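In what follows, chains carry the letters A, B, and so on, assigned in the order in which the sequence lines appear, proteins first and then strands, with residues in each chain numbered from 1. A quick note: this is a predicted structure, and the numbers were derived from the prediction, not measured.
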Amino acid sequence: MNLERYLNPEQYEAVMHTEGPLLILAGAGSGKTRVITYRIAHMIDSGISPYNILAITFTNKAADEMRKRVDDIVGFGADEVWVSTFHSTCARILRRHIDLLGYNNDFSIYDTDDSKKVVNELLKKHDLDSKEYPPKAILSVISSNKNEMVSPEEAEKYAKEDFEKKAAFIYREYRKVLFDNNALDFDDLLLLTVELFRKSKDVLENYRNRFRYILVDEYQDTNTVQFSFIKLLADKYKNLCVVGDDDQSIYRFRGANIRNILDFEKNYPDAFVIKLEQNYRSTENILNAANGVIAHNIGRKEKTLWSKNDKGSKIHFRQFESAKDEAQFVVNDIYTKVRRRDCMRGDCAILYRTNQQSREVEEAMLRENIPYTIVGGTNFYSRREIKDVLAYLKTIANGSDNLNVERIVNVPKRGIGETSLSKARAYAENNEISLFDALLHADRIPSIGKAAAKMSSFASDICVFRERIAEEEFDDIPELISELLDKIGYEQYIKENEDKDEAADRLANIDELISKAAYYEEKFAEDNPEAEKGPTLQDFLNEVSLVADIDSADMSSDKVLMMTLHSAKGLEFPHVYIVGMEDGLFPGDRSVMSMSSEDMEEERRLAYVGITRAKEDLTLTAASSRFLHGRWANFPISRFVREIPEELLDSSVKFKRTSIEDVPSTPSRFSGFGFGNSNPYASAKSTGFKPAGGRPYESTGMLDKNKPKAVAKVQIKPTSQSGSVYASGNSAPTAPKAVAKVPVKSESKSSLDALKSLSKGSDLKSNVNYKVGDRVSHIKFKEGVVTEINSNENGTYVTIVFDEYGQRILDARFAKLNVL
DNA sequence: AACCTTGGTGTTTTT
DNA sequence: CACCAAGGTT
């Protein structure tokens, strides 16, 4: 490999320095990923066994990408490198050895919701008022204690005020409950792995010898327990390379300790330090804007990013009257750029401080029919139907998990109510058995009556699945899930208890889960070419518990991306919009009011991260007032905008509101169709057009849920050459030109729901892109031939004869079929 | 036992 | 506003 051709001198040095502790201070856009991948490739090339390399990345997505890129360079061995996140790495280690700590290897992983439930129950049990002791606050105490490796006993000892004492007490109880349920929360994964290493020298020695070369990306965001984990592993060979940028440390709230990177040279006195300061990503203007902002932080490692890139255009800044105008401006701007062929939709990202800000922008996107993807928000895996199914799977895997048993024991309804359940609970507690075991032998519970039969039938159904897994009767996890759903009648339960749209949504999500399982099976087979068996149920549960929102984001289809500034870390886009640049929002209330310089500096780093995502074009927007926390409030322009050197901004009205007439608009788009037609005032408010007479914009037209009977005339217009119609989520492949009359349902909870169901209506129809006789492929059932397509009032159903699975009738809305 | 209404509450960011 | 929890009703 002639590496010098591909790397600058500093990068080259970092790649070649494979032995001993190494700190790479990599400024934003300085080719960090390039260095890491070439470094791993070089190591493999120079004879180091890929089996001895551990690379910790921040997300699973980054891990997959890194493996792929290494593979592209060396062509072999990349799949033997252990690349994954802290949490996944620890989960894998614990699945093998946690019995040494008294847990069972089939442990469940609890998410934040689960943890919150446990805390709530504990508060109730000990008669503590949840107002005086907010579960959220308690949880954050528990979490930071775990991150700092403080035991409940120590926490109780050091607690001074009443709240601290009670929190420490709940912490102790919480640990007990999780242990009894054989469950681990996110923090436990790290903490218990460190405990394991300290307890078992054999296990530690084993992993030390395995991971002789360790690489940690995004090192500025590691917390104390992660630091210990790495230090324990690396202490024998000391081949530890950490990569990071202290200016991009944005996870203090979850325990990240910026001192880990600032003090690296103190912890490893013989550490070699390399600074990467040449930026290859952004225009000079963008880079200077970022430098101008971050310069206001003190106590950073001194570095100056520079670039040979062009100046580029200036930073655009606009302030609007409301968040709605702001959103409309951004959406119009993207529309215009795309139409002018300045860029593709997928080149544009809209970033915001808080997830709820996505709402206003999403509405504008839907109004203009621009395809988009929202990363994050309500996590797929925290949806009710998904949690239900996963709770069944977790119960099958781990019978001690009372929390998940409670969730599903009467879902779908099987007539097991609170009274009989509390008897079962009491029985379990008195006999020191799990709730599940109590249910299984419900006939032994005193005075329980006819609920006993229902309970034991529920429990034995679960047991049957357990046995069948042990007997290897299921080919794969999708099959297991499908049979489970059949057995418990989940689909029927959803259809009976939700209205049609909602039911369709939920069933689509379940279908998505099955697809994810199928995809995971494939990925597992690729990653473990030697494996004779597929992944276990525990493997799958690991995977789904530890996915980040960003991991499953589809970046390749041409859609505008919307995400929080946090999620955008590590990514780059030609065109970046940051909305909500307001003091009080960004920087947030807390940091403004508390005036804690640490909070404020972290917000500023977040601004720095946001700005440096942009390659060519950066647009910052603000609203002078917005509806927040249930009321209208006024917001001044963010100090971070003011910290950008004035000459870099394009706006002549820099600190004045852009009046609505100044919003550049694209008139042709709004003539003839669109929501605006049904109400000129709504149109005016959202697009910047004033209706004749200049009346004030008080009406929100059909988007107002107080006018439920409104009928919107919508033309779904093709927005690309291929003529696709889009909604959030999956794109649909055909282009109906028809004008659809869609009633806005009175139950619509919000204007957003109304808009969504409108675009979904068109989406569903257009989803059928195949006809009788077509050969199609399905993610689970592989290939087959369409023999029949039927529509009735419930929807469209496709009959397909699959090569391997025979005839199936699938709901056209959910089946993801590709024409071959 | 299941459903519906009301009221009170909270509000960053995420594995 | 939007979500959840508790209480009252069928």
Select base, sugar-phosphate, or nothing to describe what A:Thr89 touches, counting heavy atoms under 4.0 Å on all strands.
-> nothing
Nearest-Å distance, CZ (A:Arg414) to C1' (B:dA2)?
-> 16 Å
Residue pair A:Ile448 / A:Ser420: nearest heavy atoms and the distance that separates them = CD1-O, 3.7 Å
Report yes if the distance between the aromatic ring centroids of A:Tyr171 and A:Tyr174 is under 6.0 Å, otherwise no.
-> no
Describe the nucleic acid contact of A:Asp111 in one word from base, sugar-phosphate, nothing, applying a heavy-atom distance below 4.0 Å.
-> nothing
Atom-pair distance (CD on A:Glu132; C1' on B:dT9), nearest Å | 16 Å
A:Leu123 has an atom CG; how far is it from atom P of B:dT9, in whole Å?
-> 16 Å
Going from CD on A:Glu601 to CG on A:Asp247, what distance comes out if it is rounded to the nearest 0.5 angstrom?
-> 10.0 Å
Within 45° of the ring axis of A:Phe380 and under 6.0 Å from its six-membered ring centre, is that where the NZ or CZ of A:Lys516 lies?
-> yes
When A:Asp401, A:Asp185, A:Asn404 are each screened for side-chain hydrogen bond (donor to acceptor under 3.5 Å, both in side chains) with A:Tyr110, the one that passes is A:Asp401
Round to the nearest Å and state the distance from A:Arg383 atom CZ to C:dC3 atom C1'.
-> 15 Å
Would you mind classifying the nucleic acid contact of A:Phe627 as base, sugar-phosphate or nothing, using non-hydrogen atoms under 4.0 angstrom?
-> sugar-phosphate
Starting at the 5' end of nucleotides 10-15 of chain B, put B wherever the base has a protein heavy atom under 4.0 Å, S where only the sugar-phosphate does, and a dash everywhere else.
-> -BBBBB
Which whole-number value in Å describes the distance from A:Glu363 CD to C:dC1 P?
-> 12 Å
Worked check of side chain to side chain contact (heavy atoms under 4.5 Å, CB included) between A:Asp114 and A:Lys387 = CA-CA 10 Å; A:Asp114 299 330; A:Lys387 288 216 77 170; 2.9 Å; yes
